[in-house]
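Note sheet for the following structure.
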Amino acid sequence: MQNILLPVAELRTALAGLGKVIPKRISLAILGQVRVRRYSSGLIDLTVTDLDRFATYSMNHRGQAEPAALLVPFGDLNNIAKSCGGADLIELVPVSKNTISIRFPVGGQSAEHHCESAPPEEFPLQPEVLGTGITIHEALRSSIHEALECASADPARLVLNGAFIDVRDDSAHYVVGTDGHHLFSSNSFSLPLKESILITEHKFLGWKGFQQDGEWRLRTMPAKDDGPPCFEIASDHWCFLSRSIDSQFPQWKTVLPNPASYQTTISINPEAVEEVMVAVQRLPLGEDKHHTIGLEVAGNAFRLLGRSRPELSWTKIDIQEAGVTGPDATIFLDRRTLLKALRFGLTRIEIIDSMSPLRFSLAGRQMIIMPLRMNGGPSAAASPPPATAAPTPSNNPPPQAEQHTPPPMQTNTPTLGQTRTAGANGSSTPTAQTTTSKEEAKSSLEAALVQIEAIKTGFRETINGLTRLGDHIRQSMREQKASEKEIQTVRQTLRSLQGVRI
């Protein structure tokens, strides 16, 4: 018997997760179908794919012990499941090769909805990942999620679009994520993996239903002639299989600053992290796209700096629950990155200088963050991880990061229009031969700077206007989609009522 019964309560749980993988824009009709299979044991599972990923949900409900497979349109099945009660059953009945009927209860009677389908054999072939797999314990699982949050979303740098499990160093395995502006790494793992693997980012991995579905188990498959490498993460009910990237991850250790180069250290009391995060969020928000915030160490005090506009002075908030060692320092970074590091519990902050990467760390986890200039732009003092791999010498430790040259100290080098005469001790002093020329040059430079600031202000206002316009357009699109969804629901209900058999 090919008919398959599905309990609505469990079906809703399955469809909520399967909807994370169904493409928003379906280029092939088969990608909008849910494959429903019943095995000889009575086990029933549902699978969807976007060709690069497969998500499968295994039901607790057991059906008749007769193998069967059907393809059902996700949209039709989802709409009907939403309209039914939690205790109801939905029956899938094949009508013809390309048509399937969905039967569901309405007012104590049975309604029937016919929809287009396809033969089960046309469903894309799912790669088979063999092996026993490894258990992802809580520390590793947390590190993977944190690395995914720090990964790049740039489609031009696919090798950075995920959490990299690095097993190239036998002494310690790492989980790494970077977007070129900040880098997260967690070490002290020893995993039974032969090859490193990139856990590519996908919203399903962060979905609450998958995270709370019991213990995770990971299996990997290396690249083959007919396809890229794959990984599979399984929980109690879910199985998420995805293709990875067949490309070498950058030698990320080469961009880590030398630990001996850090001069100033800030240690925040872990119990006060929530208060610090609230202070960071409440500081005046600047208009620049980086949401610039400053960290200042002066004497034995640690302060947060924020301002709403560039022409205003900085608002300073003292953080009492923090210990400070080392010389005074001031450094600026993206507020969102700072909040992310604090949310990860990285409460130790180490600073080299205002233009070098700073380090947040705790135990075996760390985040390296590129600072910002005073005007909110990214610092050019250090380069982000390269998009391509660099060779690492065998049996040698990773090379230290290139030491960044500090800005040159101010000297008495003559400016335009000045000459120098030797002093009695052999030093040189400037003589004002062309004071007028120097003042004219200075005035011209000041006028140019004023003009540059005016142009920058105009650009900011234009960008803010475009941002507000975009928000209005997105709001209109959301309202339009909501209206279309309501109309579709009404139409679906009418079709269901038309199919009621008395």
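- Inter-residue side-chain proximity for N98 and P119 is flagged as met; some heavy-atom pair is nearer than 4.5 Å.
- For the pair P259 and R359, the minimum side-chain heavy-atom distance is 4.5 Å or more.
- Taking 4.0 Å as the cut-off between side-chain N and carboxylate O, R365 and E146 count as a salt-bridged pair.
- Within the 4.5 Å cutoff, no side-chain heavy atoms of E122 are placed close to those of Q33.
- Using cut-offs of 30° and 60° on the angle between ring planes, the pair W216 and F210 is parallel.
- Of all the heavy atoms in P250 and R168, the pair that sits closest is O-NH2, 3.5 Å.
- The neighbour count for Q281 CD, taken as heavy atoms of other residues, nucleotides or ligands under 6.0 Å away, is above 12.
- Remark: aromatic rings of F360 and F344 are distant, center separation not under 6.0 Å.
- Between Q366 and S185, the side chains place a donor N or O and an acceptor N or O closer than 3.5 Å (distance only, hydrogens not considered).
- For the pair M59/L11, a side-chain contact is recorded, criterion being any heavy-atom separation below 4.5 Å from C-beta on.
- At a threshold of 4.5 Å between non-hydrogen side-chain atoms, the residues P7 and L89 count as touching.
- Contact record, N60 with E10: N-OE2, 2.5 Å, taken as the closest heavy-atom pair.
- Under the 30°/60° scheme for interplanar angles, the aromatic rings of F204 and W238 are found to stand perpendicular.
- In the displayed structure, Q126 atom CD is contacted under 6.0 Å by more than 12 heavy atoms of other residues, nucleotides or ligands.
- Looking at T292 and D334, their side chains never come closer than 4.5 Å, going by heavy atoms from C-beta outward.
- In E128, the CD atom is not crowded: 12 or fewer heavy atoms of neighbouring residues, nucleotides or ligands sit closer than 6.0 Å.
- No more than 12 heavy atoms of other residues, nucleotides or ligands lie within 6.0 Å of CZ in R282, so this atom counts as exposed by the packing criterion.
- In this structure the side chain of F189 never reaches within 4.5 angstrom of the side chain of I165, judged on heavy atoms.
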